[in-house]
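Structure first, then comments.
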Amino acid sequence: VLDAIEQLGYRPSGIARSLATRHTGTLGLVVPDVANPFFADVAGGAEREARAEGYYVFLCSTTEDPERELEVLQSLEEKRVDGIVLCSSRLDEATLRAQLRRHRAVVLVNRPLQEDNIGTVLIDDKAGGRLVTEHLLATGHRAIGFLAGPAASFSGRQRIEGYRAALAAAGLQENLAWLRHCPPTVDGGREIARALLAEHPELNALLC
């Protein structure tokens with residue numbers, strides 16, 4: 001039998017096996033931009049740890065598009081992946097909850113959500129925004145512009161809160177004209193930074 005298997009190049013059907021075991025040995029990893037170095041590092045770490053446990057990873061990039069993210073989550077559900085790691089979701093909370101309840105196991109990165117089947121990995125972005133702003137204030141800067149990333153970014157909103165808290169603690173009034181949302185890319189940041197500095201030459205520091 002083994003000789004026949006070798007000669008015929010037979011391989012067991014993973015689909016048939018997964019139907020019997022309800023286990024596919026696969027995970028979905030969803031990121032908003034695979035070219036972003038932060039998410040590239042996340043993908044590398046996730047793939048390394050998954051492989052050590054005998055899993056394969058489907059890497060999906062949503063290109064910062066909520067509709068694309070929804071399609072990806074539905075596709076991973078159809079593929080019966082054993083779990084998903086979802087980074088920096090751009091979906092609204094109601095849609096996100098409805099989609100993730102359809103998956104057996106979920107880890108959210110950079111987005112909090114209270115559900116029994118969901119684990120979270122969070123950075124304290126509010127503290128980060130505050131610390132960076134405090135550093136700029138301590139070095140004498142008072143006109144501090146802020147490139148805050150996409151408006152739908154939970155991390156970006158948290159950093160804004162930290163920025164505002166640091167300004168308030170220093171007795172400074174926030175200037176809303178100095179805060180701009182921008183695509184989370186080098187080109188997007190460059191374009192918005194140039195526009196912001198051209199409109200407000202009084203700025204002497206940027207938090208990005």
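Nearest heavy atom pair, residue A166 against residue L137, reads O-CD1, 3.8 Å. The shortest non-hydrogen separation linking S61 to D33 is OG-CA, 3.7 Å. The minimum heavy-atom distance between I160 and F146, with the atom names listed, is CA-CE2, 3.5 Å. A pairwise comparison of heavy atoms in R80 and R104 identifies O-NH2, 3.9 Å as the closest pair.
Looking at R111, its side chain does come within 3.5 Å of a backbone N or O of L91 through a donor-acceptor pair. In terms of modelled atom types and a separation under 3.5 Å, the side chain of S75 and the main chain of E71 share no donor-acceptor contact. Using modelled atom types, no side-chain atom of Y163 and backbone atom of E174 make a donor-acceptor pair closer than 3.5 Å. The backbone N or O of L73 sits less than 3.5 Å from a side-chain atom of H103, completing a donor-acceptor pair. With hydrogens and angles ignored, the 3.5 Å screen pairs no side-chain donor or acceptor of D82 with any backbone N or O of L27.
When each of V109, L59, L76 is paired with V30, the side chain to side chain contact (heavy atoms under 4.5 Å, CB included) condition holds for L76 and for no other. Of the options S89, S153, S88, a side chain to side chain contact (heavy atoms under 4.5 Å, CB included) to N110 is made by S88 and by none of the others.
Shown here are the side chain to side chain donor-acceptor pair (under 3.5 Å) partners of E202, two or more places apart in sequence or in another chain: W178, H200. In this view, Q99 satisfies the side chain to side chain donor-acceptor pair (under 3.5 Å) rule with no residue, not counting sequence neighbours.
The side-chain heavy atoms of L206 and L196, taken from C-beta on, include a pair separated by under 4.5 Å. At a threshold of 4.5 Å between non-hydrogen side-chain atoms, the residues L122 and P112 count as touching. Side-chain contact between P150 and E64 is present, with at least one heavy-atom pair separated by less than 4.5 Å. Using a 4.5 Å heavy-atom cutoff, the side chains of V85 and V57 are not in contact.
With a 6.0 Å radius and a threshold of 12 heavy atoms from other residues, nucleotides or ligands, R51 has its CZ atom at or below the threshold. Shown here is R142, whose CZ atom has more than 12 heavy atoms of other residues, nucleotides or ligands within 6.0 Å.
The hydrophobic cluster containing L147 also contains L197, counting ILVMFWY residues as joined when their side-chain heavy atoms lie under 4.5 angstrom apart, directly or transitively. Residues V107 and I118 do not share a hydrophobic cluster, defined by chaining ILVMFWY side chains whose heavy atoms lie under 4.5 Å apart. L100 and F154 fall into different hydrophobic clusters, defined by Ile, Leu, Val, Met, Phe, Trp and Tyr side-chain heavy atoms under 4.5 Å apart, directly or through other members. Following chains of ILVMFWY side-chain contacts shorter than 4.5 Å, one cannot reach Y55 starting from I84, and the two form parts of different hydrophobic clusters. L86 and V31 are assigned to two separate hydrophobic clusters, defined by single-linkage of ILVMFWY side chains at heavy-atom distances under 4.5 Å.
Applying the salt bridge (Lys or Arg N to Asp or Glu O under 4.0 Å) rule to pairs touching residues 178-193 yields R180-E199, D187-R190, sequence neighbours excluded.
Under 4.0 Å is where a charged nitrogen must lie from a carboxylate oxygen, and between R157 and E161 no such pair does. One finds no salt bridge joining E69 and R90 here, because no Lys/Arg side-chain nitrogen approaches an Asp/Glu carboxylate oxygen to under 4.0 Å.
Note: L203 CG to H141 NE2 = 11.5 Å, rounded to the nearest 0.5 Å.
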